[in-house]
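Here's the structure we're looking at; comments come further down.
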Amino acid sequence: EAQVTQNPRYLITVTGKKLTVTCSQNMNHEYMSWYRQDPGLGLRQIYYSMNVEVTDKGDVPEGYKVSRKEKRNFPLILESPSPNQTSLYFCASSSLFRGQETQYFGPGTRLLVL
Amino acid sequence: EDQVTQSPEALRLQEGESSSLNCSYTVSGLRGLFWYRQDPGKGPEFLFTLYSAGEEKEKERLKATLTKKESFLHITAPKPEDSATYLCAATSTAKTSYDKVIFGPGTSLSVIP
């Protein structure tokens, strides 16, 4: 089954404690992306990756890091989380096929930073 | 600045009452316009991609259309299971933002039996 998985699904942490949210896709997609979703602000893109070792900033990259060492994985790293990073996070992947771009989203990770 | 807005913010329909959702975009050259459906607590689910003005796509009770400034998602004879938040997103041809995806805030649709 084609899918994007994220772990953990729920996470409570404290300010300053480094954490990693993993994302994996089994569709051999080139493009992967991280979003955060906040009430009233909608989905905002944090980072994206066009392929292995190619990453770039989205609209809200401050406080986040990513890496793309393998095609299927795209972890999101919060080196020193702060309360304003409390949010619902989504990972997504897509493939360009005959000009179509279809993003598949993961189930989301709900993060609370105390 | 690239921007995507959606209206209305919320829409309540009776079952069978057709309507349209609006997505207005301001981007530096539209590369693609996307519609997604999101159920509470879940990730968005892809519906349509539109690339050029005049293009239309259909899927069951949904039909998406595109003009040079906006896109419409028409819902014909909706059913309660169509209740969800509908998100619109755009990508631009601008070199500095070519691969970014800009989402609108969404329209929350409720279909009452």
Side-chain angles (χ1 to χ4, degrees), chain A residues 2-7 9-10 21 23 25 27 29-51 54-61 66 68 74 87-110, chain B residues 1-10 21 23-28 30-52 55 57 59 64 66 84-108:
Chain A
Q3 61 181 352
V4 177
T5 56
Q6 294 178 228
N7 281 293
R9 295 289 314 280
Y10 304 92
V21 184
C23 172
Q25 51 97 0
M27 295 166 280
H29 285 167
E30 297 83 15
Y31 186 95
M32 295 187 75
S33 184
W34 275 103
Y35 298 87
R36 60 178 289 173
Q37 188 171 37
D38 303 289
L41 296 176
L43 276 164
R44 292 179 292 167
Q45 196 169 28
I46 303 171
Y47 268 96
Y48 59 92
S49 168
M50 294 297 289
N51 216 322
V54 181
T55 63
D56 210 343
K57 296 177 182 178
D59 289 323
V60 288
V66 292
R68 187 95 180 271
F74 190 44
S87 187
L88 178 58
Y89 291 87
F90 288 102
C91 178
S93 74
S94 66
S95 173
L96 285 174
F97 176 66
R98 291 181 186 171
Q100 299 294 324
E101 295 164 285
T102 302
Q103 285 201 84
Y104 291 83
F105 280 78
T109 295
R110 196 169 288 277
Chain B
E1 183 187 345
D2 294 337
Q3 194 173 13
V4 175
T5 58
Q6 292 185 247
S7 63
E9 187 175 321
L21 312 182
C23 169
S24 294
Y25 61 89
T26 308
V27 297
S28 308
L30 181 72
R31 191 157 66 85
L33 189 291
F34 311 92
W35 282 98
Y36 288 85
R37 169 194 171 124
Q38 186 175 24
D39 293 302
K42 295 193 174 181
E45 177 188 341
F46 172 79
L47 292 173
F48 304 108
T49 305
L50 302 165
Y51 288 106
S52 54
E55 191 175 357
K57 295 271 179 77
K59 180 179 179 180
L66 182 65
T85 295
Y86 290 86
L87 302 170
C88 171
T91 52
S92 90
T93 58
K95 208 170 183 180
T96 53
S97 58
Y98 189 80
D99 300 310
K100 290 183 184 177
V101 184
I102 305 146
F103 275 85
T107 292
S108 176

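Sequence lines set the chain letters: A, B, ... in the order given, protein chains first and strands last, and positions in each chain run from 1. FYI, side chains are in, hydrogens and waters are out, and symmetry mates aren't considered; it's all heavy atoms of this structure.
- The two residues A:Gln45 and B:Val101 come nearest to each other via the heavy atoms OE1-N, 2.7 Å.
- With a 4.5 angstrom heavy-atom cutoff, A:Tyr104 does not touch chain B via any of its atoms.
- For the pair B:Tyr36 and A:Gln103, the tightest heavy-atom approach, listed with the atom from each and the gap, is OH-CB, 2.9 Å.
- If you measure heavy-atom distances from B:Gln38 to chain A, the contacts under 4.5 Å come from the side chain alone.
- Interface residue B:Leu87: only side-chain heavy atoms are found under 4.5 Å from chain A.
- Across B:Lys100 and A:Tyr48, no two heavy atoms sit closer than the pair CG-CE2, 3.7 Å.
- Under the rule for a side chain to side chain contact (heavy atoms under 4.5 Å, CB included), the partners of A:Asp38 that lie at least two apart in sequence or sit in another chain are A:Arg36, A:Leu41, A:Arg44, A:Ser87.
- By the side chain to side chain contact (heavy atoms under 4.5 Å, CB included) test, B:Thr26 is found to be paired with no residue, residues two or more places apart in sequence or in another chain being considered.
- Residues B:Pro44 and A:Leu43 have side chains in contact (heavy-atom distance under 4.5 Å, counting atoms from C-beta outward).
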